[in-house]
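Note that these values count all heavy atoms, side chains included, but never hydrogens, waters or copies made by symmetry. FYI, the numbering just counts along the sequence from 1. In listed order, ligands and their atoms are each counted from 1. What you are looking at is a predicted structure, and each value in this text was computed from that prediction instead of being measured.
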Amino acid sequence: MVAAFLSAISAVTPDARLTDSHGRVIHDLRVSITDRCNYKCVYCRTGEVGPQYPELGIDEYLRMIRLFVGLGITKVRLTGGEPLLRHGLLDLIRALAALRTPGGEPLDLALTTNGHLLDGLAAPLRAAGLNRITVSMDAVDPAVFERITRVPDSFAAVLNGIRAARAAGLTPLKINCVLLRGFNDDQVEGFARFAREEDVLVRFIEFMPLEEGRLWSPEIVVPLKEIVARIHRVLPLLELPRREASETARRYGFTDGRGEIGIIAPVTEAFCGACSRIRLTSDGKIRTCLFSQVEHDLYGRLRAGASEQELRAYILQTVQTKEARHHIGEPGFLKPSRSMVHIGG
Ligand code: SAM
């Protein structure tokens with residue numbers, strides 16, 4: 001442990017690499033900038049619980065993100081809650097777009113949103129320096145969509161947002177869909193057609209036990225194999241090679257060459273061995289895994305006046321504690337104290 005820590009410190013050079021105790025290189029930071037959300041998706045929120053954790057100032061997120069970038073983070077994804085609700089978002093993106101890695105490279109700057117406010121914000125986000133966007137969308141049928149989000153007219157708003165993002169050049173545009181048996185699994189084939197018609201990359205995500213309520217069961221998860229088989233029946237697919245080892249999605253192209261889909265299967269085909277991610281919650285806690293049972297209070301240390309060097313050492317030390325893997329579906333599995341909307345997905 002000490003040797004790994006010392007070698008991690010000595011690695012803070014122009015080509016800094018943040019490695020954990022399992023030899024994984026951590027280069028992807030997800031930052032939640034609010035745990036407020038304007039949707040109440042049935043599989044995520046109970047609808048009775050509001051925001052639970054404080055938000056920090058934009059400058060404070062920036063200060064913490066800078067520390068991570070100095071240590072080897074090259075990709076930053078802003079999330080929430082719903083990040084488009086956050087006052088100061090464009091300022092944060094402008095500042096992040098101006099940051100450089102120790103090697104002098106700009107960051108790969110992405111954002112995940114439900115898309116409800118994207119129509120008006122896509123062009124300003126792009127102009128501020130955002131590279132890419134992922135829109136969450138769990139149905140292509142407006143009635144099913146609105147039964148999930150529990151917000152009237154949300155389908156039209158999101159569709160306009162997706163089109164505005166594409167027009168603004170926030171491409172390749174990814175659409176993430178969480179499938180739940182009995183809720184929206186009838187949307188699979190429609191999403192395959194949507195991917196081709198709208199020229200977007202649709203990625204299906206297996207439902208994980210991270211909801212506010214108690215909905216998750218192995219039976220409600222729609223596994224990767226089933227999704228591929230169902231699409232293949234109507235639109236033949238061919239598996240595509242991974243672009244990088246830490247890529248979470250398995251990629252499939254349509255055999256006629258028009259479009260592709262992805263499947264992220266954390267439950268049935270976990271990819272923890274190639275995990276390159278670490279998270280910062282809206283109240284400034286580091287989470288080394290979605291399913292961590294412990295959080296690491298970076299912001300508390302910053303507020304208490306720790307020096308940059310001390311904060312950097314704290315991050316390095318925290319990364320060393322990153323869990324080898326999650327234990328979804330195993331006896332004794334414990335849900336984390338925060339659900340997805342409060343961690344930052
Ligand atoms: N509000 C933004 C959005 O909708 O994309 C960002 C936050 S949201 C929590 C991020 C993503 O997590 C969404 O795509 C959502 O569908 C997904 N998500 C929420 N709960 C999940 C769960 N239990 N398992 C898998 N994905 C989940």
**Protein residues that have a heavy atom under 4.0 Å from any atom of ligand 1, sorted by chain and number** = Tyr43, Cys44, Thr79, Gly80, Gly81, Glu82, Thr112, Thr113, Asn114, Ser136, Val178, Glu206, Phe207, Met208, Leu210, Met340, Gly345

**Message:** If the test is ring pair (Phe, Tyr, Trp, His ring centres under 6.0 Å), which one of Phe194, Phe191, Phe155 qualifies with Phe145?
**Reply:** Phe155

**Asked** To which residues is Val294 joined in a hydrophobic cluster, defined by side-chain heavy-atom contacts under 4.5 Å among Ile, Leu, Val, Met, Phe, Trp and Tyr, whether direct or through other members?
**Response** none

**Message:** Checking Ser217 against Glu219: is there a side-chain donor and acceptor pair closer than 3.5 Å?
**Reply:** yes

**Message:** Looking at Arg251 and Glu260, would you say the former's side chain and the latter's main chain have a donor-acceptor pair under 3.5 Å?
**Reply:** no

**Request:** For residues 105-115, pull every pair meeting side-chain hydrogen bond (donor to acceptor under 3.5 Å, both in side chains), keeping only residues two or more places apart or in separate chains.
**Result:** Asn38-Asn114, Arg77-Thr112, Glu82-Thr113, Glu82-Asn114, Asp108-Arg132

**Hydrophobic cluster (4.5 angstrom, side-chain heavy atoms) - remaining members for Ile148** = Val42, Tyr43, Val144, Val178, Leu180, Phe183, Ile205, Phe207, Met208, Leu210, Leu215, Trp216, Ile220, Val221, Ile264, Val267, Phe271, Leu290, Phe291, Ile328, Phe333, Met340, Ile343

